[in-house]
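Owing to the predicted nature of the structure, the values given are computational and were not obtained by experimental measurement. Proteins get letters first, then strands, A, B, ... in listed order; numbering begins at 1 in each.
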Amino acid sequence: MTRRFYVTTPIYYVNGAPHIGHAYTSIAADVMARFHRLAGHDVFFLTGTDEHGQKVEQAAQAAGVEPQVFVDRIAADFRDMADAMAISYDDFIRTTEPRHVAGAQALWERVAQNDAIYLGAYEGWYALRDECFYGEDELTTGPDGQKLAPTGAPVEWVKEPSYFFRLSAFQDRLLELYEQCPEFLGPHGARNEIISFVRQGLRDLSISRTSFKWGIPVPGDEAHVMYVWFDALANYLSALGFPDTNSARAAYWPADLHLVGKDIARFHAIYWPAFLMAAGIDVPRRIFANGWWTIEGQKMSKSIGNVIDPRDLVREFGLDAVRFFLLREVPFGGDSDLSRKALITRNNVELANDLGNLAQRTLSLVAKNCEGTIPERGEPSVEDTQLLGQVAILPQLMAVQMERCALTDALEDVWKVIRACNAYIDHQAPWALRKTDTTRMASVLRVLLDALRGIATVLQPFMPQTMERMLDQLAVQPDERNLAALETPLPAGRSLPAPQGLFPRYVEPEATV
RNA sequence: GGCGGCGUAGCUCAGUGGUAGAGCAGGGGAAUCAUAAUCCCUUGGUCGGAGGUUCAAAUCCUUCCGCCGCUACCA
C-alpha cells in the first residue's frame, strides 16, 4: 500500500505581515512534502492562517475595517508569500472558514463529552480601558497605589467565566508519550525543555473567553468564544474534514509531521496531544521545532526595522538561491543568521561554482564532442563505479535525513557527491581523452551525465525551478524524474538541448562604503 | 533561583573512551573542458579553566568561568 505522508506548517497568525521566519518553516515543510512525493508517497501538505482572537479584532479596529475584511487581506498576503516561495501546499486552511469552525466545534464537543472541560473562572488583572488582561509582572504601581497596565491604564482584579481544559489530568500520559516515542518531539533541545516543563506540573488551561467576540462560539454556550489555541490547533483535523470519518482525507490522520517555530513548540507538544487524548483521537507522529533567524547578527524586530520580507530576497537573488540558503546555512533546528555576505557566498561557491559550473562544463563537453547526444555507457572503471555508487545511495541517504528533519545534512550529503564529481572530471580529464581515446571520453561523460541526473533528481525538492531546468538540459523526461526512475538508465543517443547556465554568479553592485 | 544547552582551527560547525576533523577563509602547485569556475598539496587548535576516574578523555565524574534557552494561558 502506498505510504501516506501528512505534513503541516503552523497556521500563521494574521497579526502582521509574513516575514522570513514564516517562509523558512514553510520551505522546510515544502521540501519534506516534495521529497515524499518524489518517493512516490501519497502526500497531503497543509498550510494556512490563524485568524481569530482579540489581537486581530483590535488590529482590524485600528485599521478601521471589519475583522473579516482585515483577515481576508492579510491571509491573501500570506498566500501570496507561499506562492512566491513555491510552497506546494495541497490545501490552505483559514480558521474563519465554515469547515474549520465546524471541525473545531466538533473537537470541542468530543473533549467535553469525555469530561475534560469544565466551567470555571479566569481571574486576572484587567484593564477596562484596554479591554485586556495583564500579567502580574507587567504591572506598575502608580503614585496613589493604583496598579497600572504598561499602557498606563488602571487595572482591577476581575473574574471572567471561562471554560477550562483539564490539562493537569494529562501530565502523566504526556510524559509517557515523550518517553515511549522519543521521535515525537525534536530537536533534542526543544524536547528537553518541554519535558522539564511538564514535569514541573501542569495547570488546567483556560480555553474560552467572554471578553471579545472574534472567535468560534463554544458549542452550547454562545456567550463564549474558544480561546485561541483550541481553535488554532484544530485546523490540522478540520482540513481533513473532521469529524467526518468518511471524508476522502480522513485517512491522512495521524499527521506525520507538524513543523513549527520554536516559540510555539510547547503548544503543539503539550496542549495538542492532550486535547487529542481527551477526544480519543490518535496523536501526531512527530513535532519538530525550528529556530529563529537573526539578520546580520541582530534579532529581527519591527523596532529595529530589519524585518525581511522573503519576497524581496527572491526578487534580488532568485527563488532557489534563497530556498537553498535558508536550508543550507545552519543545522535545521538551531538558530541561524541571515547575512547578505553569507547568502552571496553560498550562492557563488556552492551553486554557481560547485554545481552550476559542473553541469556547464559537462554539458558543453558533450555538446562539442558527442554531437550533443547522450553517449553509450562504457565498461566501468573503478572510479566510475565508485562515483556512480555514491550517486545511487543518495536517495536512501536522504530519506534517512528527511526522517530526522536534518535538511542541512541532506544537502551536505549531496554536496559531497558534487565535489566528488568535480574531482572525477579533473582526474579523468575528458578534454585530454578527446585526443587519445574518444571511447573512454564518451564513457566518462556518460558517467557524469548519469551522476548529474541523480543529483538534480534528489535536489528537486530543495530547488524545484532550477532543477527542472537542469533535468531539461539533461533530456530527462517528466516521467523519469522521480526516485524510482533513477533505476532505469536513460537511453543512449537521446539528443540534448544546448547548454545554458543554471546558477549565475552574484556580483555585488558597486559598494558605496 | 530551578531545569537544560553550549563553549573544538581566523569564521561556521561535525566529532560521546583509543594517535584531533569538514566547509569557508589563508599559502603553494597543477590543469585549461567550464560561469577565472575546478583539482592536488598545505599553514593553523595544549578541543573554555582546574581537578578526578581510566592503560587511554574533546568524549565519563566534580568544580569554576563565560554565553544562551525554558520557567504557561503573549496566537
Query raised in the report: Heavy atom of residues 196-209 of chain A under 4.0 Å from RNA chain B: which residues?
Result: A:Ser196, A:Phe197, A:Gln200, A:Gly201, A:Leu202, A:Arg203, A:Leu205, A:Ser206

Requested in this report: Flag yes if more than 12 heavy atoms outside A:Lys159 fall under 6.0 Å of its NZ atom; otherwise flag no.
Outcome: no

Query raised in the report: Given the P atoms of B:G45 and B:A22, what is the spacing between them in whole Å?
Result: 15 Å

Query raised in the report: Just checking A:Tyr12: base, sugar-phosphate only, or nothing, at a heavy-atom cut-off of under 4.0 Å?
Result: nothing

Requested in this report: Determine the interplanar angle of the A:Tyr12 and A:His22 rings, folded into 0 to 90°, and report it as parallel if under 30°, tilted if 30 to 60°, perpendicular if over 60°.
Outcome: perpendicular

Tabulate atom names and distances for all N/O pairs under 3.5 angstrom spanning the protein and nucleotides 26-34 of chain B.
from  : atom 1 : to       : atom 2 : distance (Å)
B:C33 : O2     : A:Arg361 : NE     : 3.3
B:C33 : N3     : A:Arg361 : NE     : 3.4
B:C33 : N3     : A:Arg361 : NH2    : 2.7
B:C33 : N4     : A:Arg361 : NH2    : 3.0
B:A34 : OP1    : A:Lys368 : NZ     : 2.6
B:A34 : O2'    : A:Asn357 : OD1    : 2.6
B:A34 : N1     : A:Arg361 : NH2    : 3.3
B:A34 : N3     : A:Asn357 : ND2    : 3.2
B:A34 : N3     : A:Arg361 : NE     : 3.2

Query raised in the report: Ring centroid separation for A:Tyr236 and A:His268, is it under 6.0 angstrom?
Result: yes

Report task. For A:Ile195, answer base if it contacts any base atom (sugar-phosphate contacts may also be present), sugar-phosphate if it contacts only those atoms, and nothing otherwise; contact means non-hydrogen atoms under 4.0 Å. Result -> nothing

Report task. Determine the contact category for A:Ala232: base if any of its heavy atoms lies under 4.0 Å from a base atom, sugar-phosphate if only primed atoms, P, OP1 or OP2 are that close, otherwise nothing. Result -> nothing

Query raised in the report: Parallel, tilted or perpendicular: which describes the rings of A:Phe275 and A:Trp272, with under 30° parallel and over 60° perpendicular?
Result: perpendicular

Requested in this report: Taking only the side-chain heavy atoms of A:Ile264 (C-beta and beyond), determine which of B:A72, B:A75, B:U35 contains the nearest atom.
Outcome: B:A75

Query raised in the report: What stems involve RNA chain B, if each pair must be Watson-Crick or G-U and both of its distances must be under 3.5 Å, with 3 or more such pairs in a row?
Result: B:1-7 with B:65-71, B:10-13 with B:21-24, B:26-30 with B:38-42, B:48-52 with B:60-64

